[in-house]
Each structure stands twice: as structure tokens, then as C-alpha cells.
Amino acid sequence: MTAIQPREAYALLASEYDRAPNALASLEERTMAPLLPELRGRTVVDVAAGPGRWATRCASRGASAISVDFCYEMLRFGAPPRVQADARRLPFRDSCADLVVCAFALGYAPEIFTELRRVVRPGGMVLASDVHPDALRRGWTRTFRYSGARLDREAEASRGLKPALPDVIEIAHQLYALEDLRAPDLWQTGLWQPCLGAPERAIFEQAGCAERFAEASLLPAIFVAQWIRV
């Protein structure tokens, strides 16, 4: 399978992203949600937000939250305020946010970490999650089912054309190590490396791949890290 670049892939996936159960997102939410600080009256930047899953959650708890993503097709499914921008060059001043969240994006551009550190204020918090780098080294891929491929296939077949897209999209990524996520003025206050659990088993079963769960749950699937800027 040929991996598609992130911007192109997420433009295709936008209309159905976050609408179907996702085992890694399930594991991440139950790991990261309890780490959110008091947010009433605080400023939150959700970096590489997609449709703004974490921005929406933070806003519901009284924060002033903004979603940032480079893919307009993803952003348009979220609530405002939202900004289309490259996470490697965030259009915000230094030290502007009380909380910066970055979910499942560092593997596309590990240098985003520098921007997370730049926009969080001293005393503020950075929360980041991603597919565990060790899982990717073991052969895991960043793949999503793409139901639009079926419609494309039917339309193209009617015209005698070869289908251009598969039912599963793999997204190109970069390998990095957890040790790379360091800055002299960021104090890492927590690192969680959970394995898939019972809630995710149900998602595997619903997707028709229950036989893959046992092996997938043996080692950490994701990480969630927390830093305070000093």
C-alpha cells in the first residue's frame, strides 16, 4: 500500500473522521481527559486539531479554546474559533496559552513540539498524545478505513476506469523517539504508555477484527505526555 501525505489523506477522511469508533482515540481519551487542569477562563490551543475534539471538550469546561489545523476540510466540521495553519509555524505570539493540546500529530512532523513549547506560557501545561513510536517500529501503520473509496470505485467502474483509491488509507509519517520530546524549560510531569483494554476490545469486535486484539494489546499502543513550562 502506498502511503498518502497527511494533508491529502485528511482532506479525504474529513467527512467521516471522529465519527466511527476508534480504538486508539478511545484509549487516548480515557488516559488524557483526567489530566486536564482547571480550565474556566483559561486559553487553550488545540494544535493539529482536526475537527477540534479537544478544543470542544475544553470549551465545554469554560475555556477559551481555538482549533488549529492545516486541513480546511477537517476544520470545517468543528466549532469556531478555528484557524487554518501549519502546526510547525503557529500564527500565535509566544507564551499565549495556558494549555496546549496536540493529539496524534507529532508523528507527521516531530518539530511541532518546538511550537507547542513556544506558545504555552510559563506555568502552563502541554498535553500531547500519539501512536507509540515503538508500536510503529514494530510495524504498526497509521491507517483509516475510507468508505468514500467504494463510491469512487463504483463511479470509476461505470466509466471503465481503474479505481484510484483503496478502502484503507495509510498516511505517511516520520519516526521519532520519546527522548526527542525535550526542551530545557519544559518539565515533564507525566508519561503514560497504556495498552489497549476492554473498551478497545469491543471496538475491535465491532470492526470485525477481534482476532487481532490479543496481539495488539500486549505492548503500549499510544503515549500521553504532560509537561509544565518553567
Side-chain angles (χ1 to χ4, degrees), residues 4-22 24-121 124-131 142 144 146 169 171 173 181 186 222-227 229:
I4 300 176
Q5 291 302 309
R7 187 188 298 270
E8 178 186 356
Y10 282 111
L12 292 169
L13 295 166
S15 63
E16 53 199 59
Y17 190 78
D18 274 355
R19 287 167 174 76
N22 181 304
L24 296 189
S26 167
L27 179 59
E28 183 232 26
E29 288 197 9
R30 61 191 185 88
T31 304
M32 194 152 80
L35 305 177
L36 293 174
E38 170 58 44
L39 292 173
R40 188 162 302 279
R42 305 292 179 87
T43 298
V44 176
V45 178
D46 187 358
V47 178
R53 178 167 55 98
W54 285 103
T56 299
R57 182 188 289 264
C58 292
S60 72
R61 295 178 55 170
S64 174
I66 185 168
S67 301
V68 185
D69 201 280
F70 68 175
C71 181
Y72 168 76
E73 290 84 356
M74 293 286 280
L75 281 175
R76 68 189 178 94
F77 286 99
R82 51 204 173 193
V83 173
Q84 185 180 1
D86 191 324
R88 296 169 295 183
R89 295 182 294 276
L90 293 172
F92 304 120
R93 60 180 174 80
D94 296 356
S95 306
C96 65
D98 298 291
L99 171 65
V100 180
V101 180
C102 183
F104 293 114
L106 287 167
Y108 301 127
E111 59 268 34
I112 291 173
F113 184 70
T114 300
E115 284 291 88
L116 307 183
R117 173 257 159 220
R118 182 183 67 79
V119 299
V120 72
R121 67 168 179 81
M125 180 185 295
V126 173
L127 282 175
S129 68
D130 205 358
V131 182
R142 295 175 184 263
F144 293 86
Y146 176 52
I169 290 177
I171 308 178
H173 64 270
L181 305 179
L186 283 181
I222 67 167
F223 77 87
V224 173
Q226 179 188 66
W227 298 266
R229 186 174 171 191

Checklist entry - Distance-only, no hydrogens or angles: does the D98 side chain make a donor-acceptor pair with backbone N or O of T43 under 3.5 Å? => result yes
Item to check | Closest non-hydrogen atom pair, L24 against N22 | outcome: N-OD1, 3.0 Å
Item to check | Worked verdict on V131 versus H173 for side-chain contact (heavy atoms from CB on, under 4.5 Å) | outcome: CA-CA 11 Å; V131 182; H173 64 270; over 6 Å; no
Checklist outcome for this item: Applying ring-ring contact (aromatic ring centres under 6.0 Å, His included) to Y108 and not counting sequence neighbours gives Y10
Checklist entry - If you take all heavy atoms of L35 and M125, which pair is closest and at what distance? => result O-SD, 3.8 Å
Item to check | Straight-line distance of R89 CZ to D86 CG, nearest 0.5 Å | outcome: 4.5 Å
Checklist entry - Taking the side chain as C-beta and beyond, is there a heavy-atom pair between L39 and P37 under 4.5 Å? => result yes
Checklist entry - Under a 4.5 Å cut-off applied to non-hydrogen side-chain atoms, are Y146 and E16 in contact? => result yes
Checklist outcome for this item: For G52 and S67 the tightest heavy-atom approach is CA-OG, 3.5 Å
Checklist entry - Are V119 and V47 close enough that some pair of their side-chain heavy atoms sits under 4.5 Å apart? => result no
Next on the checklist: Check whether R88 reaches the backbone of E111 with its side chain - one donor and one acceptor, N or O, closer than 3.5 Å.
Outcome noted: no
Checklist outcome for this item: CD (E115) and CG (D94) are apart, to the nearest 0.5 Å, by 8.5 Å
Item to check | Y72: side chain to side chain contact (heavy atoms under 4.5 Å, CB included) partners, not counting sequence neighbours | outcome: R76, Q84
Checklist entry - Do any N or O atoms from the side chain of E73 and from the backbone of A14 form a donor-acceptor pair under 3.5 angstrom? => result no
Checklist entry - Distance from L116 atom CG to L186 atom CG, nearest 0.5 Å? => result 8.5 Å
Checklist entry - So which heavy atom on I171 is nearest to which on P6, and how close? => result CG2-CA, 3.7 Å
Item to check | N/O donor-acceptor pair under 3.5 Å between D69 side chain and G50 backbone | outcome: yes
Next on the checklist: Tell me every residue that passes side chain to side chain contact (heavy atoms under 4.5 Å, CB included) with A225, counting only those two or more places apart in sequence or in another chain.
Outcome noted: Q188, L191, F223, W227
Checklist entry - Rounded to the nearest 0.5 Å, how far apart are CG of L106 and CG of D130? => result 5.5 Å
Checklist outcome for this item: Heavy-atom closest pair (I112 atom, A105 atom, distance to 0.1 Å) is CD1-O, 4.0 Å
Checklist entry - Are R57 and D46 close enough for a salt bridge, meaning some N to O gap below 4.0 Å? => result no
Item to check | Spacing of R42 atom CZ and R121 atom CZ [to the nearest 0.5 Å] | outcome: 6.0 Å
Next on the checklist: List the residues meeting ring-ring contact (aromatic ring centres under 6.0 Å, His included) with W54, not counting sequence neighbours, and say none if there are none.
Outcome noted: none
Checklist entry - Taking only residues two or more places apart in sequence, or in another chain, which ones meet S95 in a side-chain hydrogen bond (donor to acceptor under 3.5 Å, both in side chains)? => result R229
Next on the checklist: Looking at every heavy atom in both R53 and A103, which two are closest together, and how far apart are they?
Outcome noted: NH2-CB, 3.9 Å
Next on the checklist: Rounded to the nearest 0.5 Å, what separates atom CG in L12 from atom CZ in F144?
Outcome noted: 12.5 Å
Next on the checklist: List the residues meeting side chain to side chain contact (heavy atoms under 4.5 Å, CB included) with P81, not counting sequence neighbours, and say none if there are none.
Outcome noted: I66
Checklist entry - Sub-3.5 Å donor-acceptor pair from the side chain of R118 to the main-chain atoms of L90, do we have one? => result yes
Item to check | R40 atom CZ, over 12 foreign heavy atoms within 6.0 Å | outcome: no
